[in-house]
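Worksheet for the structure shown next.
Letters go in sequence order (proteins before strands), and every chain restarts at 1.
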Number of protein chains: 2
Amino acid sequence: MTDTTDLTLVTLKDVAREAGVSIATVDRVLHGRPGVRKVTVQRVEETIARLGFRPHAAAAELARGRSYRLCFVMPKSLNVFMAEIQENVLRERAWLTARRTLVDIVETDVFDPSALTETLEDVGRRYDGIAVVALDHPRVRAAIDDLVEAGVQVVTLVSDVPSSSRAHYVGIDNIAAGRTAGALIGRFVGDRKGKVAIVAGSMALSDHTDRFVGISRVMASDFPDLELMMPVEGRDDDATNQTLTARLLEETPDLVGIYNIGAGTAGIGTALSDAGRADDIVFVGHDLTVHTRRFLLIGLMDAVISQHPGREAHSALRVLQALVRKEPISPAREVIGIDIVIRENLP
Amino acid sequence: MTDTTDLTLVTLKDVAREAGVSIATVDRVLHGRPGVRKVTVQRVEETIARLGFRPHAAAAELARGRSYRLCFVMPKSLNVFMAEIQENVLRERAWLTARRTLVDIVETDVFDPSALTETLEDVGRRYDGIAVVALDHPRVRAAIDDLVEAGVQVVTLVSDVPSSSRAHYVGIDNIAAGRTAGALIGRFVGDRKGKVAIVAGSMALSDHTDRFVGISRVMASDFPDLELMMPVEGRDDDATNQTLTARLLEETPDLVGIYNIGAGTAGIGTALSDAGRADDIVFVGHDLTVHTRRFLLIGLMDAVISQHPGREAHSALRVLQALVRKEPISPAREVIGIDIVIRENLP
DNA sequence: CTGAAAGCGCTTACAG
DNA sequence: CTGAAAGCGCTTACAG
């Protein structure tokens with residue numbers, strides 16, 4: 001048995017008595033506030049350590065008497081994945097309200113730097129913390145930096161702006177995600193030789209280019225028999241992707257695999273199915289939706305790379321809650337994994 | 001933009017004033033405590049709903065003025081996986097202390113029904129909540145039921161006792177885990193025919209039998225060219241597993257895959273490596289450790305099925321914290337996924 | 001069946 | 001530089 005923690009709950013008052021000061025002074029030391037002599041600070045710190053004092057979180061929260069406002073800045077045109085993040089955030093509202101934390105969701109055109117920048121400038125300062133699905137663009141970076149400068153806690157969500165001063169990124173490593181997709185395609189294709197097609201939303205999006213970088217690297221190093229084709233761009237649109245895929249199937253007799261880097265997976269699935277090529281082409285894409293779930297079940301898709309939207313929503317909320325309260329966050333705990341989903345481990 | 005939640009924070013006092021009663025009465029209605037006339041209850045409930053009142057969680061916690069004791073009952077002989085769960089629990093201690101929640105860890109022989117039962121009986125009632133790695137045995141079930149009867153909140157961890165009255169199971173669906181392992185082996189083997197060996201810890205453990213059931217089913221339905229061998233039992237021990245594997249390799253010329261259902265993966269890896277068969281045999285096992293991580297990196301293992309120990313520790317703590325406070329838990333949020341880890345998505 | 005009051009353990013002005 | 005006191009919004013006896 002590990003050392004039984006004893007039930008002696010030490011309070012501020014105990015520390016004050018032991019250290020021979022008032023509770024106000026202990027509080028000052030506890031939070032590193034100024035106006036306490038060095039000797040006193042030391043004496044109090046020693047007493048805190050000796051008694052193993054931990055302030056009661058609920059008491060502090062109540063006494064502080066303030067509330068917090070959080071905002072999620074999300075894409076206007078919601079795909080299923082983004083919608084799920086939203087739902088998860090909204091589902092936490094009651095819980096958050098009980099903790100005096102209010103959360104709004106603002107939709108904007110996150111792919112238009114001007115629109116996104118304006119939104120951030122407009123709504124930003126009305127909040128204590130912001131989670132934003134951010135395009136990596138100099139103006140967006142500047143807007144984020146301004147908010148941080150103004151004391152707003154900012155985390156990026158799903159899509160990062162690494163060069164900005166955001167406190168945290170909630171999302172996956174997209175290069176690794178691309179590598180993972182590539183490795184699965186390579187392994188599933190087996191001994192066959194041939195081409196692997198890439199369908200992207202837009203190569204202007206950093207998560208899409210990152211995934212392409214990932215699959216390119218793993219193909220080059222581990223699967224020399226497979227030839228990666230240049231990405232075609234379908235803007236994450238089902239109809240466009242269907243047309244593109246139909247053409248790819250027609251024009252590429254030795255096509256053995258397809259990797260959909262972005263959304264619009266349903267369109268590709270339809271084209272594959274229509275062409276009767278579901279069985280001989282390895283098809284891997286992103287994000288678990290009603291469509292990809294069905295495709296996995298019927299064997300049309302071989303694997304889905306997923307970043308758990310619920311987990312991302314919660315991580316963003318947890319991190320923002322800690323940040324606005326100046327509490328520490330443990331990054332290790334907030335790592336978002338790259339989930340591989342096949343028919344057998346469908347949640 | 002979703003409806004901006006307004007900052008008007010309604011308190012008990014507001015509700016009391018509006019409903020024309022005292023705050024004590026509102027509190028009674030809020031918690032469904034007896035001693036309030038039906039009419040009054042209705043009036044108060046209506047007011048609560050109308051004002052959208054949500055009690056301040058921190059205030060309630062402080063006023064309640066009580067602390068909670070939790071206990072994790074874990075296997076005495078710690079494998080890496082169990083050790084990681086423990087570490088994650090211990091790492092939360094400071095955070096939990098600030099929330100007046102104390103957590104102890106008790107180690108026992110969870111594979112011996114008598115020892116486990118005795119431990120549960122001995123330590124159980126000293127706690128408000130217990131997480132237990134439980135052998136599925138009638139005596140263990142009875143001990144759990146007794147604790148629940150006595151008002152202790154019990155969750156099972158990693159290994160479930162489904163027929164008991166435990167409030168929640170924190171762990172994966174092991175049949176699905178076995179199916180997943182089988183599907184990966186089948187896909188990775190490709191067009192080759194041959195045998196797949198199964199190494200288990202003990203077929204007396206329900207998680208091990210469940211996984212075997214899973215792989216058996218998927219092999220029968222999806223991979224008719226592969227023949228599943230009868231499980232050999234190595235008690236999760238490296239040395240034993242190494243010997244068993246060496247023998248399997250010698251005696252089975254057409255061996256194409258190995259599935260290690262339990263721990264002791266290092267022993268199997270050594271045997272494979274010694275025999276120079278790392279490349280032509282697909283090897284899948286469970287749980288991410290220093291060993292399996294290395295095996296993935298050097299290509300000795302093809303995939304690891306993992307149940308995130310950190311996630312399980314946190315889920316157990318979160319669920320227990322909610323249960324002892326009589327707060328609702330959302331099971332959907334607590335689902336532990338079956339993680340597929342290959343070299344490319346190693347965390 | 002209902003209410004007035006004390007108190008949980010902090011933080012926040014305010015006074016000195 | 002330090003302390004006394006009010007107050008955050010609940011819950012808990014206690015009184016009636």
In whole Å, I'd like the distance from the [atom1] atom of [X] to the [atom2] atom of [N].
X: A:Arg17; N: D:dT2; atom1: CZ; atom2: P; result: 20 Å
X: B:Lys326; N: D:dC10; atom1: NZ; atom2: P; result: 21 Å
X: A:Leu12; N: C:dG9; atom1: CG; atom2: P; result: 10 Å
X: B:Asp14; N: D:dG9; atom1: CG; atom2: C1'; result: 10 Å
X: A:Arg325; N: C:dC10; atom1: CZ; atom2: P; result: 17 Å
X: A:Arg66; N: C:dA13; atom1: CZ; atom2: C1'; result: 17 Å

So, using salt bridge (charged side-chain N to carboxylate O under 4.0 Å, His left out) as the criterion, who are the partners of [X] when residues are at least two apart?
X: A:Arg325; answer: A:Glu61
X: B:Asp136; answer: none
X: B:Glu46; answer: B:Arg50
X: B:Arg139; answer: none

DNA chain D-proximal residues of residues 31-38 of chain B, any heavy atom under 4.0 Å: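 The answer is B:His31, B:Arg33.
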Among residues 46-61 of chain B, which contact DNA chain D at a heavy-atom distance under 4.0 Å?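 Nucleic-acid contacts, sorted: B:Phe53, B:Pro55, B:His56, B:Ala59, B:Ala60.
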Scan A:Arg100 against the nucleic acid and name what it touches under 4.0 Å (heavy atoms): base, sugar-phosphate only, or nothing.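 Result for A:Arg100 = sugar-phosphate.
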Tell me, which pairs form a salt bridge (Lys or Arg N to Asp or Glu O under 4.0 Å) where one or both residues lie in residues 306-316 of chain B, sequence neighbours left out?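 Listed by first then second residue: B:Arg311-B:Asp339.
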In the structure I gave you, are the side-chain heavy atoms of [X] and [Y] within less than 4.5 Å of one another anywhere?
X: B:Leu317; Y: B:Thr101; result: no
X: A:Met74; Y: A:Val110; result: no
X: A:His314; Y: A:Asn88; result: yes
X: B:Val158; Y: B:Met82; result: yes

Results of side chain to side chain donor-acceptor pair (under 3.5 Å) for A:Asp122 - residues two or more places apart only: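 Applying side chain to side chain donor-acceptor pair (under 3.5 Å) to A:Asp122 gives none.
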Please list every stem that involves DNA chain C, where a stem is a run of 3 or more consecutive Watson-Crick or G-U wobble pairs with both pairing distances under 3.5 Å.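 Runs of three or more consecutive pairs: C:1-3 with D:14-16, C:5-12 with D:5-12, C:14-16 with D:1-3.
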Among all residues two or more places apart in sequence or in another chain, which pass the side chain to side chain contact (heavy atoms under 4.5 Å, CB included) test with A:Val36?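 Scan of A:Val36 (side chain to side chain contact (heavy atoms under 4.5 Å, CB included), adjacent residues dropped) gives A:Thr25, A:Arg28, A:Val29, A:Thr40, A:Val41.
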Between the protein and nucleotides 3-7 of chain D, which nitrogen or oxygen pairs are less than 3.5 angstrom apart?
residue : atom : partner : partner atom : Å
D:dG3   : OP2  : A:Ser22 : N            : 2.9
D:dG3   : OP2  : A:Ser22 : OG           : 3.2
D:dG3   : OP2  : A:Thr25 : OG1          : 2.9
D:dG3   : N7   : A:Arg28 : NH1          : 3.4
D:dG3   : N7   : A:Arg28 : NH2          : 3.4
D:dG3   : O6   : A:Arg28 : NH2          : 2.4

Inter- and intrachain pairs under side-chain hydrogen bond (donor to acceptor under 3.5 Å, both in side chains), touching residues 149-161 of chain B, at least two apart: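 Sorted pair list: B:Thr156-B:Asp160, B:Asp160-B:Arg166.
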Return the minimal non-hydrogen interatomic distance between A:Ile105 and A:Gln86, and the atom names on each side.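 Looking at all heavy atoms of both residues, the closest pair is CG2-NE2, 3.7 Å.
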